[in-house]
J.: 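Here it is: the structure, laid out below.
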Amino acid sequence: MAQTDLDSYRWENRLILLFYPSEQDLDYVEFDQQLEEEQAELEDRDLVVFRVFEKGKSWVGKEALSIEDIKVLRDRYRISQTEKVLILIGKDGGEKLRQKGSEIALEPIFPLIDGMPMRRMEMRKKGG
């Protein structure tokens with residue numbers, strides 16, 4: 001199954017799709033550090049992160065994405081090769097948030113997810 005078959009994640013995971021020109025992009029490096037620091041929060045919310053780069057290898061988790069996978073994602077979400085974009089996909093498969101360029105930030109993502117009905121149900125189940 002191709003890594004870009006996002007339907008395979010439906011009802012199991014939320015997705016963060018990160019599009020950057022390269023892994024060396026300073027904005028990406030800073031954002032990736034934030035993701036690493038918040039790994040437990042990502043896991044608690046069932047988030048899978050796609051890192052899509054124009055130059056260098058692209059990844060979903062620890063699995064490499066093929067050139068075809070990258071093209072499918074860029075075409076599906078209409079992302080140019082030079083854009084910096086974050087897209088949050090909910091467990092229902094719908095796009096919940098799109099941030100571009102200097103707007104990209106982790107701060108609004110967790111509260112947005114925590115306000116979703118499915119997430120509130122998950123938190124109730126975990127809490128007792």
Side-chain angles (χ1 to χ4, degrees):
M1 181 182 317
Q3 295 294 341
T4 51
D5 179 12
L6 301 185
D7 288 340
S8 67
Y9 295 94
R10 191 171 290 185
W11 308 119
E12 297 295 321
N13 296 101
R14 295 173 184 92
L15 308 176
I16 291 179
L17 309 178
L18 290 174
F19 296 88
Y20 279 90
S22 80
E23 261 184 309
Q24 285 75 40
D25 184 285
L26 294 179
D27 293 330
Y28 168 75
V29 170
E30 184 178 312
F31 189 77
D32 188 53
Q33 183 176 356
Q34 290 176 33
L35 289 175
E36 292 300 318
E37 291 168 2
E38 298 292 346
Q39 189 60 40
E41 297 295 326
L42 295 171
E43 290 174 11
D44 185 50
R45 290 168 180 82
D46 301 323
L47 279 159
V48 173
V49 180
F50 283 69
R51 291 167 169 89
V52 182
F53 304 110
E54 183 55 29
K55 296 177 185 164
K57 289 217 182 258
S58 295
W59 306 91
V60 55
K62 301 216 183 286
E63 306 245 346
L65 293 170
S66 70
I67 293 169
E68 294 79 23
D69 289 334
I70 295 165
K71 182 175 177 5
V72 166
L73 287 170
R74 285 193 184 282
D75 289 349
R76 182 174 183 175
Y77 293 100
R78 297 182 175 100
I79 309 295
S80 78
Q81 297 171 342
T82 59
E83 282 184 287
K84 300 175 185 181
V85 178
L86 177 147
I87 300 174
L88 174 65
I89 306 293
K91 284 190 173 182
D92 63 358
E95 184 174 320
K96 305 301 181 190
L97 176 71
R98 183 179 288 235
Q99 300 173 332
K100 294 182 178 185
S102 62
E103 297 172 12
I104 295 176
L106 195 55
E107 291 80 29
I109 293 174
F110 296 150
L112 177 65
I113 291 172
D114 291 347
M116 295 175 182
M118 187 175 289
R119 173 64 178 156
R120 288 197 307 265
M121 186 176 68
E122 292 167 1
M123 290 189 295
R124 280 193 300 272
K125 282 182 183 177
K126 287 180 184 177

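For the numbers below, each heavy atom of this structure counts, side chains included, while hydrogens, waters and symmetry mates do not.
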J.: Flag the pair Pro21 / Lys84 as yes when at least one side-chain heavy-atom distance between them is below 4.5 Å, and no otherwise.
T.: yes

J.: Let me confirm one number: the CG-CD1 distance from Leu47 to Ile113, rounded to the nearest 0.5 Å.
T.: 4.0 Å

J.: Does a side-chain heavy-atom distance below 4.5 Å link Leu86 with Leu106?
T.: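 Of all side-chain heavy-atom pairs linking Leu106 with Leu86, none is under 4.5 Å.
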
J.: Could you tell me whether the side chain of Phe19 reaches within less than 4.5 Å of the side chain of Glu83, counting heavy atoms only?
T.: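 Not in contact.
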
J.: Any chain of hydrophobic side-chain contacts (each under 4.5 Å) joining Tyr20 to Leu97?
T.: yes

J.: Taking Asp114's backbone N and O only, do any of them form a donor-acceptor pair with Arg120's side chain (distance below 3.5 Å, no angle check)?
T.: no

J.: Can you check whether Glu41's main-chain N or O pairs, donor with acceptor, with Arg45's side chain at less than 3.5 Å?
T.: yes

J.: Test Arg76 against Leu6 for side chain to side chain contact (heavy atoms under 4.5 Å, CB included), laying out the working first.
T.: CA-CA 11 Å; Arg76 182 174 183 175; Leu6 301 185; 3.7 Å; yes

J.: Is the shortest distance from a Lys or Arg side-chain nitrogen in Glu122 or Arg14 to a carboxylate oxygen in the other one below 4.0 Å?
T.: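 Yes, charged N to carboxylate O under 4.0 Å.
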
J.: Show your working on side chain to side chain contact (heavy atoms under 4.5 Å, CB included) between Trp59 and Leu65 and close with a plain yes or no.
T.: CA-CA 5 Å; Trp59 306 91; Leu65 293 170; 5.7 Å; no

J.: Rounded to the nearest 0.5 Å, what's the gap from CD on Glu43 to CG on Asn13? Could you check?
T.: 11.0 Å

J.: To the nearest 0.5 angstrom, please state how far the CD1 atom of Ile109 sits from the CD1 atom of Ile104.
T.: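 So the CD1 of Ile109 and the CD1 of Ile104 are separated by 9.0 Å.
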
J.: Kindly work out whether a path of hydrophobic side-chain contacts (I/L/V/M/F/W/Y, heavy atoms less than 4.5 Å apart) joins Val85 to Ile89.
T.: yes

J.: Tell me whether Arg51 contacts the main-chain N or O of Ser58 through its side chain, where contact means a donor paired with an acceptor under 3.5 Å.
T.: no

J.: Tell me whether Glu30 at atom CD has more than 12 heavy atoms from other residues, nucleotides or ligands lying less than 6.0 Å away.
T.: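 Counting other residues, nucleotides and ligands, CD of Glu30 stays at 12 neighbours or fewer.
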
J.: Determine, using ring centers only, whether Tyr77 and Phe50 are less than 6.0 Å apart.
T.: no

J.: Does Phe53 have its ring centroid less than 6.0 Å away from the ring centroid of Tyr28?
T.: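 That pair passes the under 6.0 Å test.
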
J.: Checking side chain to side chain contact (heavy atoms under 4.5 Å, CB included) for the pair Glu95/Leu17: CA distance, chi angles, key distance, verdict?
T.: CA-CA 10 Å; Glu95 184 174 320; Leu17 309 178; over 6 Å; no

J.: So does Asp44 get a backbone contact from the side chain of Lys126, meaning a donor-acceptor N/O pair under 3.5 Å?
T.: yes

J.: Within the 4.5 Å heavy-atom criterion, are Leu35 and Leu42 side-chain neighbours or not?
T.: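 Of all side-chain heavy-atom pairs linking Leu42 with Leu35, at least one is under 4.5 Å.
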
J.: Do Glu54 and Arg74 make a side-chain contact, defined as non-hydrogen atoms from C-beta onward lying under 4.5 Å apart?
T.: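 Result yes, sub-4.5 Å side-chain heavy-atom pair found.
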
J.: Over all heavy atoms of both residues, which pair between Glu12 and Lys91 is shortest? Give the atoms and the distance, please.
T.: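 Closest approach of Glu12 to Lys91, heavy atoms only: O-CE, 3.4 Å.
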
J.: Answer yes if Leu73 and Tyr9 sit in the same cluster of Ile, Leu, Val, Met, Phe, Trp and Tyr residues linked by side chain heavy atoms under 4.5 Å apart, and no otherwise.
T.: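 Yes, same cluster.
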
J.: Give a yes or no on whether Leu88 and Met123 share a hydrophobic cluster (residues Ile, Leu, Val, Met, Phe, Trp, Tyr; joining criterion: side-chain heavy atoms under 4.5 Å apart).
T.: no

J.: Give a yes or no on whether the backbone of Val60 and the side-chain of Glu63 come within a donor-acceptor separation of less than 3.5 Å.
T.: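 Side chain of Glu63 to backbone of Val60: no pair is present.
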
J.: Locate the shortest heavy-atom distance separating Met116 from Lys96; write the atom from each residue and the value.
T.: CE-CG, 3.5 Å

J.: Ser22 and Asp25: side-chain donor and acceptor closer than 3.5 Å?
T.: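 There is no such pair (donor and acceptor under 3.5 Å, judged by atom type) between the side chains of Ser22 and Asp25.
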
J.: One thing to verify: whether Arg119 and Asp46 come together as a salt bridge, which I'm taking to mean a side-chain N less than 4.0 angstrom from a carboxylate O.
T.: no

J.: Does any part of the side chain of Leu18, heavy atoms only, come nearer than 4.5 Å to the side chain of Val49, both counted from C-beta?
T.: yes

J.: Is there a chain of hydrophobic side chains (I, L, V, M, F, W, Y, each step under 4.5 Å between heavy atoms) that links Ile87 to Leu15?
T.: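 Result: yes, single cluster for both.
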
